[in-house]
Amino acid sequence: METKDRFRQRLVDLFGSQKLASLSTQKGGQPYASLVAFHAAEDLKHIFFVTPKTTRKFANLSADGRVALMINNSTNVDADFHEAISVTAVGTASEVMGSEKESVLSQYLAKHPYLEDFARAKTCALVGVMVASYFMVRNFQIVTELHME
């Protein structure tokens, strides 16, 4: 059985090594997936991304904030079946505004400096996902869960 500390360390390592996540939203029962550049908070309670406010993903999460994000380190090789790690974070998304926005955006841009103009555009929103649970799959079949307090 994996300890909570080891699970958290695996998350930190994975999130530090990956830049992209697959975001799942839904509207009217129809799922929709998008690729987003993400940043995870140090305490792992939030995951952040930036998106234009005119996108389907933003409209979907504005209507229903329940989302899932999948982050994995697979490289599309046979070894992935034994070595890759995939994490799904489920939670509630909302736009980050007010005094918190600049601090979070600075941390996001430390990971993604090439997205500065995009992230600071008035037409874009900084979105935070308050993570309720993480589900990690290792060796293609070992599933471990971490529920955030």
Side-chain angles (χ1 to χ4, degrees), residues 7-8 10-81 83-98 100-149:
F7 190 103
R8 286 178 176 274
R10 284 185 193 270
L11 289 177
V12 168
D13 293 346
L14 178 66
F15 295 168
S17 72
Q18 301 301 308
K19 296 183 183 290
L20 298 172
S22 177
L23 170 72
S24 295
T25 59
Q26 66 89 30
K27 183 176 181 183
Q30 177 61 55
Y32 183 75
S34 308
L35 203 57
V36 295
F38 78 96
H39 162 70
E42 193 173 310
D43 65 5
L44 302 174
K45 292 182 179 180
H46 292 87
I47 297 176
F48 302 96
F49 62 91
V50 174
T51 185
K53 294 178 184 179
T54 57
T55 60
R56 179 173 284 124
K57 68 178 151 276
F58 188 74
N60 288 357
L61 67 86
S62 294
D64 185 342
R66 294 174 299 167
V67 299
L69 286 153
M70 187 181 77
I71 299 117
N72 74 70
N73 65 357
S74 64
T75 58
N76 203 31
V77 297
D78 292 347
D80 287 342
F81 291 96
E83 298 171 11
I85 294 175
S86 181
V87 171
T88 298
V90 295
T92 306
S94 60
E95 186 174 1
V96 178
M97 297 189 283
E100 180 187 21
K101 183 176 179 177
E102 188 53 41
S103 172
V104 172
L105 193 55
S106 293
Q107 293 169 23
Y108 176 87
L109 289 171
K111 183 173 182 177
H112 302 286
Y114 40 84
L115 294 178
E116 175 109 24
D117 292 341
F118 171 75
R120 293 194 182 280
K122 293 187 184 310
T123 56
C124 286
L126 174 63
V127 176
V129 177
M130 184 176 3
V131 178
S133 299
Y134 287 104
F135 301 90
M136 180 182 296
V137 180
R138 296 179 294 120
N139 300 93
F140 205 63
Q141 61 185 349
I142 300 171
V143 180
T144 312
E145 298 178 21
L146 176 64
H147 305 286
M148 304 303 286
E149 291 100 39

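Keep in mind that what you see is a predicted model, and the values were worked out from it rather than measured. The chain is numbered in sequence order, starting from 1.
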On the 0 to 90° scale, with breaks at 30° and 60°, tag the F135-H147 ring pair as parallel, tilted or perpendicular. perpendicular
[X] atom [atom1], over 12 foreign heavy atoms within 6.0 Å:
X	atom1	result
D43	CG	yes
K27	NZ	no
E42	CD	no

What pairs of residues pass the ring pair (Phe, Tyr, Trp, His ring centres under 6.0 Å) test when at least one of them lies in residues 25-44, not counting sequence neighbours?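 Matches after skipping sequence neighbours: F15-F38.
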Listed by chain and number, what are the side-chain hydrogen bond (donor to acceptor under 3.5 Å, both in side chains) partners of Q141, not counting sequence neighbours?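 Applying side-chain hydrogen bond (donor to acceptor under 3.5 Å, both in side chains) to Q141 gives none.
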Checking Y108 now: which residues fulfil ring-ring contact (aromatic ring centres under 6.0 Å, His included) with it, not counting sequence neighbours? H112
For E102, give me all partners under salt bridge (charged side-chain N to carboxylate O under 4.0 Å, His left out), at least two apart in sequence or on another chain. R120
Got a sec, which residues hit salt bridge (charged side-chain N to carboxylate O under 4.0 Å, His left out) with D64, two or more places apart in sequence or on another chain?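 Salt bridge (charged side-chain N to carboxylate O under 4.0 Å, His left out) list for D64, sorted by chain: R66.
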Nearest non-hydrogen partners of [X] and [Y], listed with the distance:
X	Y	answer
A119	C124	O-CB, 4.5 Å
A21	L69	CB-CD2, 4.0 Å
A93	V129	CB-CG2, 3.9 Å

Identify each donor-acceptor pair in which a side-chain atom of residues 46-62 lies under 3.5 Å from a protein atom, sequence neighbours left out, and give them as a table.
residue	atom	partner	partner atom	Å
T51	OG1	T55	OG1	3.1
T55	OG1	P52	O	2.9
T55	OG1	F58	N	3.2
N60	ND2	T25	OG1	3.1
S62	OG	F58	O	2.8

